[in-house]
2 protein chains.
Amino acid sequence: MRQKEKVTIYDISKKLNISAATVSRALNNSNRVSLKTKELVLKTAKDLNYQQNTLALALKSGRTFNVGVVVPYINHTFFASVIRGIEEELEPKGYHVIICQSHENVENEAKQIKALLNTHIDGIFISVSKTTEDIKHIEAVRDEGVPLIFFDRKMDISGVSSVTINDYEGAFAATEHLIKQGYTKIAHIGGDPKLQIYKHRYDGYIAALKVNNIAIDESRILEVSSTVEAGIAAVQDLLNKKTEFDAIFSASDYVALGAMRELRSRDFKIPQDVGIVGFSNEPFTKYLERPLTTVGQTPVLMGQIAAQVFLEQIKEKNKSVQVEKRVVLMPELYERETSLKKGSTH
Amino acid sequence: MRQKEKVTIYDISKKLNISAATVSRALNNSNRVSLKTKELVLKTAKDLNYQQNTLALALKSGRTFNVGVVVPYINHTFFASVIRGIEEELEPKGYHVIICQSHENVENEAKQIKALLNTHIDGIFISVSKTTEDIKHIEAVRDEGVPLIFFDRKMDISGVSSVTINDYEGAFAATEHLIKQGYTKIAHIGGDPKLQIYKHRYDGYIAALKVNNIAIDESRILEVSSTVEAGIAAVQDLLNKKTEFDAIFSASDYVALGAMRELRSRDFKIPQDVGIVGFSNEPFTKYLERPLTTVGQTPVLMGQIAAQVFLEQIKEKNKSVQVEKRVVLMPELYERETSLKKGSTH
DNA sequence: TTGTATGCGTTATCAA
DNA sequence: TTGATAACGCATACAA
């Protein structure tokens with residue numbers, strides 16, 4: 001299969017006996033071309049099946065119409081959905097999305113960013129890895145003048161826009177929902193507070209208790225990684241230490257699932273004996289026999305808005321002004337069986 | 001934030017008072033440069049923080065080190081995992097992965113491919129949409145001499161490589177597993193046979209019955225779309241028509257889940273009254289109260305192998321030979337509670 | 001071993 | 001309104 005010859009503006013110019021420059025102008029709808037030649041060029045371009053060489057254009061203009069997205073893992077539903085949102089918003093504008101995984105590893109993250117920068121992407125979207133503390137590689141992006149947008153997991157860097165959800169409010173709503181259902185000894189199984197999202201969820205939990213005049217019991221607060229196994233271990237830990245609790249607000253759906261498993265295997269009734277609320281609205285939560293109450297993060301919307309922020313940013317690229325936009329989305333509580341005492345029949 | 005000036009080989013050449021050509025040769029480790037100048041160039045390149053402009057290189061060489069992946073939806077676990085496999089294999093070789101969604105729509109698919117071709121990607125990986133029948137846009141890729149690799153959902157086009165799983169064997173194993181568990185009236189809820197994967201799963205089901213001397217009952221065979229709702233409706237349909245069945249082999253985990261829901265709500269016991277096997281090993285299947293037996297497809301591996309096939313393909317690019325490689329992976333049956341009569345306690 | 005010149009496909013500047 | 005030419009950054013054929 002011989003490679004098809006690419007047709008260039010020179011092919012058109014030769015065929016019409018005009019200069020390539022004129023062809024270029026006609027193709028770009030310049031008003032410094034006669035209508036007649038413009039139509040002629042457009043017609044022959046179509047006849048010859050001319051395709052603009054984006055590479056040459058990129059070399060000349062410096063714009064590639066590619067953007068990079070760096071996430072910890074692509075096959076986590078949440079991140080895949082954000083990417084989908086970005087893609088849906090940017091694709092109609094002619095952009096392509098290049099994806100990279102950091103595997104929750106800073107060095108990888110830095111490497112990916114460096115590679116993206118080298119590919120001359122027009123912007124970078126990133127959700128930082130759990131191990132990211134050193135931010136040199138992120139500042140480098142800003143310093144090169146490449147638009148950078150954080151989503152979900154951000155860092156506080158001046159001049160960098162971000163789209164996050166209000167984890168604090170989500171956690172507050174989740175906790176208050178449990179309180180309203182009559183639970184009073186609410187435990188919190190959270191994640192590493194080095195990530196702002198977990199810190200905020202913790203804060204929201206604390207605030208809801210305070211507002212409702214419920215004493216805070218440190219022994220009911222655990223910090224674990226986001227796995228089913230960690231959820232199982234956390235409940236074992238609570239029970240072993242004879243900590244009293246009648247509900248769990250978990251910062252992760254996976255941990256919540258593990259907790260449910262362990263509680264049921266020990267004959268606790270959910271939601272009668274223990275109410276449970278998770279976080280993220282992972283797809284599996286609604287397919288459980290007893291669907292899990294959880295806080296949804298509208299990831300597709302998050303991606304769409306991140307993309308919109310990016311588009312604004314490149315529009316305002318006067319370079320003299322430095323724009324920074326921080327969008328915070330409101331999460332949504334999905335009230336399902338694991339926390340609804342009244343609605344239950346068991 | 002002023003854009004940092006990019007340093008080129010000319011900057012290096014000026015600084016060292018040599019020609020850019022020599023710099024280029026030194027950078028490319030040519031043996032037609034003195035060791036001394038080579039070292040000197042390398043050193044100043046590092047000092048000046050020189051980064052090769054991949055755009056210029058691409059324009060010159062025709063290679064961009066970008067590959068495109070077209071899938072129906074990025075946020076489906078299966079596809080996200082395949083992409084992850086591709087990315088893991090190709091990233092160390094300096095490639096970037098550009099993702100596109102067809103949204104199960106041929107026109108979209110054609111548009112995405114055209115856009116990718118225009119971006120001068122070095123190869124395309126694709127899992128075709130359900131509505132793909134016209135294959136002009138796919139033949140166009142081959143005709144342009146761009147390496148094309150099908151994964152999972154392929155079409156029979158000569159000269160195009162593919163990586164799929166053996167859906168036939170997977171279905172055969174699943175059905176035979178049910179037979180060995182003592183089920184005899186096994187229903188099959190399949191998908192649109194226009195997609196080869198569903199056709200093969202149907203064939204495997206039929207073959208397993210035949211091999212085991214079980215008569216085929218057409219009334220036990222349904223064809224639906226891959227949703228929970230379709231699974232619910234399918235079971236209702238079977239029951240309304242008084243079709244006898246003691247097991248279901250579904251070509252989709254979602255359909256299997258819907259079927260389970262409907263059966264349990266009508267007080268059928270699983271697996272005692274009805275055994276169930278799904279397909280895909282979606283993450284939720286193992287988190288169900290009664291974990292679902294299902295056929296796993298090793299999507300990450302599929303992506304890795306697809307990437308390897310691509311790498312082979314570009315290596316052998318003598319253009320005189322036309323290579324076509326068809327890799328078929330063996331699926332794996334995950335035997336869980338919904339089909340194990342003995343192991344159950346209910 | 002090194003330098004000069006050219007082309008990859010565009011767009012932009014300057015003349016005509 | 002159009003054309004000639006330079007430039008984007010790199011690699012390479014050819015000359016020295």
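From a predicted model like this one, the values you see are computed outputs, not experimental measurements.
Qualifying salt bridge (charged side-chain N to carboxylate O under 4.0 Å, His left out) partners for A:Arg25, counting only residues two or more places apart in sequence or in other chains: none. Residues meeting the side chain to side chain contact (heavy atoms under 4.5 Å, CB included) test with A:Leu117, sequence neighbours left out: A:Ile113, A:Ile121, A:Ile124, A:Val141, A:Glu144, A:Val146. Considering only residues two or more places apart in sequence or on other chains, A:Ser162 meets the side chain to side chain donor-acceptor pair (under 3.5 Å) condition with none of them. A search for side chain to side chain contact (heavy atoms under 4.5 Å, CB included) contacts involving B:Asn105 returns B:Glu107, B:Asn108, not counting sequence neighbours.
A donor-acceptor pair under 3.5 Å links the side-chain atoms of B:Ser127 to the main chain of B:Arg153, judged by distance alone. Counting only distance, with no hydrogens or angles, the side chain of B:Arg142 and the backbone of B:Ser158 share a donor-acceptor pair below 3.5 Å.
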Under 3.5 Å donor-acceptor pairs involving side-chain atoms of residues 54-62 of chain A, not counting sequence neighbours:
| residue | atom | partner | partner atom | Å |
| --- | --- | --- | --- | --- |
| A:Thr54 | OG1 | B:Asn118 | O | 2.9 |
| A:Ser61 | OG | A:Leu57 | O | 2.8 |
| A:Ser61 | OG | A:Arg63 | N | 3.1 |

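The pair A:Lys154-A:Asp156 meets the salt-bridge criterion, since a charged nitrogen lies less than 4.0 angstrom from a carboxylate oxygen. A salt bridge links B:Glu324 to B:Arg326: at least one charged side-chain nitrogen sits closer than 4.0 Å to a carboxylate oxygen.
For B:Thr37, no side-chain nitrogen or oxygen approaches OP1 or OP2 of C:dT1 to under 4.0 Å.
Within the structure, no pair that satisfies the ring-ring contact (aromatic ring centres under 6.0 Å, His included) test touches residues 8-59 of chain A, not counting sequence neighbours. Sorted by first and then second residue, the ring-ring contact (aromatic ring centres under 6.0 Å, His included) pairs involving residues 114-134 of chain B (not counting sequence neighbours) are B:Phe125-B:Phe310. Applying the ring-ring contact (aromatic ring centres under 6.0 Å, His included) rule to pairs touching residues 126-153 of chain A yields nothing, sequence neighbours excluded.
At a threshold of 4.0 angstrom between heavy atoms, the contacts of B:Asn31 are confined to the sugar-phosphate backbone, with no base atom among them. Residue contacts for B:Ile18: at a heavy-atom cut-off of 4.0 Å it reaches the sugar-phosphate backbone alone, with no base atom in range.
First and last contacts of DNA chain D with chain A, using any nucleotide atom under 4.0 Å from a protein heavy atom and ordered 5' to 3', fall at D:dT1 to D:dG9.
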Base, backbone or nothing for each nucleotide of nucleotides 9-15 of chain C, written B, S, -, heavy atoms under 4.0 angstrom, 5' to 3'? BBBBBB-
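Each of B:Ile138, B:Val71, B:Thr131 was scored for a side chain to side chain contact (heavy atoms under 4.5 Å, CB included) with B:Glu109, with one residue passing: B:Ile138.
Axis angle across the helix from C:dT1-D:dA16 to C:dA16-D:dT1, with five pairs used at each end and values rounded to 10°: 50°.
We find that NZ of B:Lys38 is positioned 14 Å from C1' of C:dT2, with the value rounded to whole Å.
Within residues 40-48 of chain B, no residue places a heavy atom under 4.0 Å from DNA chain D.
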